[in-house]
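Letters A, B, ... mirror the listed sequences (proteins, then strands); counts begin at 1.
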Amino acid sequence: MSEALRDQLALLPTYLAAHLQLTLLALLLGTTLSIPLGIWASRRPRAGRVALGAASVLQTIPSLALLAMMVPALAALGRATQASLGVTVPSIGFLPALIGLTLYSILPILQNTVIGIAGVDPAVVEAARAVGMTDRQRLRRVELPLALPVIVAGVRTAAVWVVGLATLSTPVGAPSLGNYIFSGLQTSRWCSTRSCTRSSTGCARAAAVSSSPRRWSSRRCTFTPRRRSPPASWATHRARS
Amino acid sequence: MIVLEQLTKRYGDAVVVDRLSLEVARGELLVLLGGSGSGKTTTLKMINRLVEPSAGRVLIDGADVTAVEPAALRRRIGYAFQQVGLFPHMTVAENVGITPALLGWEAARVAARVDTLLELVELDPATFRDRRPAELSGGQQQRVGVARALAAEPAVLLLDEPFGALDPLTRDRLQQSIISIRTKIGVTIVFVTHDMVEALLLGDRIAVLRDGRLVQLGTPAELLRRPADPYVAQLMETPLRHGRIVDALAGSQQD
C-alpha cells in the first residue's frame with residue numbers, strides 16, 4: 001500500500017462519521033417534516049398539490065446549486081438575526097449542508113406519503129368510516145398501516161439520494177466522503193477519488209439495505225426517481241444495480 | 001323506528017334524492033329497490049351520515065341523527081356493502097370486533113362476540129378467526145362483512161347490495177342466512193338492491209325508487225298485484241315471467 005493511500009485511509013473514519021451523521025440527521029429531519037406534511041396534504045387536495053409542486057420545484061434545483069445557495073441565504077439570515085437578536089447563524093459548514101440535504105429528501109417522502117394514503121382502497125376507507133372510526137382513528141388504524149410500504153419506499157429513495165448528495169457538502173464547508181472527491185480532483189491524485197467511490201458505495205448500500213427490511217417489502221413502490229447526475233452519483237447508481 | 005322526512009340530496013344541479021319521506025317500523029326489513037342512479041344508495045348513506053342531506057332529516061327512535069357525532073352514530077348502526085371493505089391488514093376476528101373495540105368493550109367480551117357472530121354467518125370460528133381477508137373467498141368475505149356490521153349489537157342494520165357479485169348458490173345461502181339472522185335477533189334492516197327477486201324474497205315492504213323519488217311503497221304482494229305505475233309493473237314483470245318459464249320447464253320435465 002502506498003503511503004499516499006495510507007494517508008487517505010487514515011482520514012476515512014472522520015469523513016465517514018461526518019458523512020453518516022449528516023445523512024442520518026437530514027433523513028430524520030426530512031422524514032419528520034414530510035410525513036406529517038404528506039398526511040396534511042392528502043386531507044386537503046388543493047393545498048396538497050401546492051406542497052407537492054413546491055417540493056418538485058426544490059428538486060429541479062441542481063443539488064450542488066441548492067447546497068451552495070444555502071450559504072448566502074444563511075449569511076443573510078445571520079445578518080438579520082445578528083441585528084435583531086444578537087445571535088449569529090453559521091453560514092458555512094454543517095448547517096447549510098444539513099438544510100440543503102433535508103430539503104432534497106422532502107419530495108420522495110412527501111410524494112410517497114400522499115400516494116400511499118391516496119392508494120388505500122376507497123371501500124376500505126368507507127368501511128373505516130362506517131364502523132365508527134373518527135378521522136384520527138381511521139388515519140392511525142387503517143390509512144397509515146396500509147400506506148406504510150409506500151412511505152417506507154419513499155424514505156428509502158430519499159436515503160439513497162441523500163447518501164450520494166452528502167458528498168456535495170464538502171464545498172460548503174462540511175466534511176464528508178466528498179472530501180476525497182474534491183481533494184482528488186484538485187490534486188489530480190486519483191487514489192483519493194477511488195477511496196471515496198468505494199466507501200460511499202458501501203455506505204449507500206448500507207443505507208438501502210438497512211431501510212428495507214423484508215417485512216416492509218415495498219410491493220407497491222410507485223415513486224420513480226427523476227434525477228440528474230451530480231458528480232458523485234456513481235455511488236448511488238452502483239448501490240442500486 | 002327510522003323516519004325519513006322530506007329527505008333531499010343535491011350534487012350541484014343534480015337532484016339525487018328528491019323529498020323522500022318514509023318510515024321503517026321496528027324489526028321490519030325494508031327494501032329500497034331501484035336501478036342505478038335511482039338514489040337508493042345515497043338514501044341509505046344518509047341514514048348513517050356517510051352522506052349528509054341537502055335538506056330534510058332522518059330520525060332514529062325519534063332523535064335526529066345530526067344530534068350526535070357521526071362516529072358515535074355509526075357505532076350504533078351496522079353497515080355492510082357490496083365492496084365489503086374488510087381491513088386487509090387485520091385478521092377476521094379483528095375486522096369483526098372493530099366496532100366493539102372502538103366502543104371500549106373488554107377483550108374477552110369482544111372475543112366471545114366475534115365467535116358468536118362467525119357462527120351466526122356460518123363460518124367456523126376456530127378455522128376463520130385468525131385468517132386474513134385475502135385468504136377468504138368472495139362469499140366468505142361478504143359473510144365477514146355482515147358479521148362486522150352486526151358486531152356491536154346494533155338496533156339498525158343497513159345493507160347495500162351485500163350479496164352482489166356472488167354466484168347464485170352462494171347468494172341464495174346468504175339470503176337464507178339473513179332470514180335466519182332476523183328470526184334470531186330482532187334488528188331493523190334497510191336493504192338496498194336492484195335485484196327484484198331478492199327484494200321480493202327478503203322484504204317485508206319494498207320502496208321502489210326512480211330518479212330519487214318514491215314511486216311505490218308496499219308489501220311484495222301489493223307490488224306484484226297492484227303496481228302503481230308502468231315502471232313498477234315492468235320491474236315486477238321480469239321475475240313473474242322468469243317464474244312462468246321455470247314453472248313451464250319443470251312441468252314439462254314431469255310429464
| query | What orientation do Tyr180(A) and Tyr15(A) show, parallel under 30°, tilted 30 to 60°, or perpendicular over 60°? | reply | perpendicular
| task | Output every pair passing salt bridge (Lys or Arg N to Asp or Glu O under 4.0 Å) with a member in residues 27-41 of chain A, not counting sequence neighbours, ordered by first then second residue. | result |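 Sorted pair list comes back empty.
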| request: Examine the side chains of Thr8(B) and Ser54(B) and answer whether a donor and an acceptor come within less than 3.5 Å of each other. | output: no
| For residues 56-85 of chain B, which residue pairs qualify under side chain to side chain donor-acceptor pair (under 3.5 Å), counting only residues two or more places apart or in two chains? | Glu126(A)-Tyr79(B), Gln137(A)-Arg75(B), Glu5(B)-Arg57(B), Arg26(B)-Asp61(B), Asp64(B)-Thr66(B)
| query | Is a side-chain N or O of Arg143(B) found less than 3.5 angstrom from the main chain of Val121(B), in a donor-acceptor match? | reply | yes
| query | Within the distance-only criterion (no hydrogens, no angle test), does the side chain of Arg132(B) pair as donor or acceptor with the backbone N or O of His89(B) below 3.5 angstrom? | reply | yes
| task | Tabulate, in ascending numerical order, the residues of residues 34-44 of chain A having at least one heavy atom closer than 4.5 Å to a heavy atom of chain B, or enter 'none'. | result |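 Answer by number: none.
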Heavy atoms only: give me the nearest [X]-[Y] pair and the separation to one decimal.
X         : Y         : result
Leu101(A) : Leu67(A)  : N-CD2, 4.1 Å
Val163(A) : His19(A)  : O-NE2, 2.8 Å
Ser105(A) : Val162(A) : CB-CG2, 3.8 Å

| message | At a 4.5 Å cut-off on heavy atoms, which part of Leu158(B) comes close to chain A: side chain, backbone, both, or neither? | response | neither
| query | Which members of residues 90-115 of chain B, sorted by number, sit under 4.5 angstrom from chain A on a heavy-atom basis? | reply |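 If one takes a 4.5 Å heavy-atom cut-off, the residues of residues 90-115 of chain B near chain A are Met90(B), Ile98(B), Thr99(B), Leu102(B).
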| request: Would you indicate whether Glu23(B), at its atom CD, is surrounded by more than 12 heavy atoms from other residues, nucleotides or ligands within a distance under 6.0 Å? | output: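 Not buried by this count: 12 neighbours or fewer within 6.0 Å.
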| request: Specify which of Gly145(B), Gly85(B), Gly78(B), Ala149(B) makes the most heavy-atom pairs with chain A at under 4.5 Å. | output: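 Top count of heavy-atom pairs under 4.5 Å with chain A: Gly85(B).
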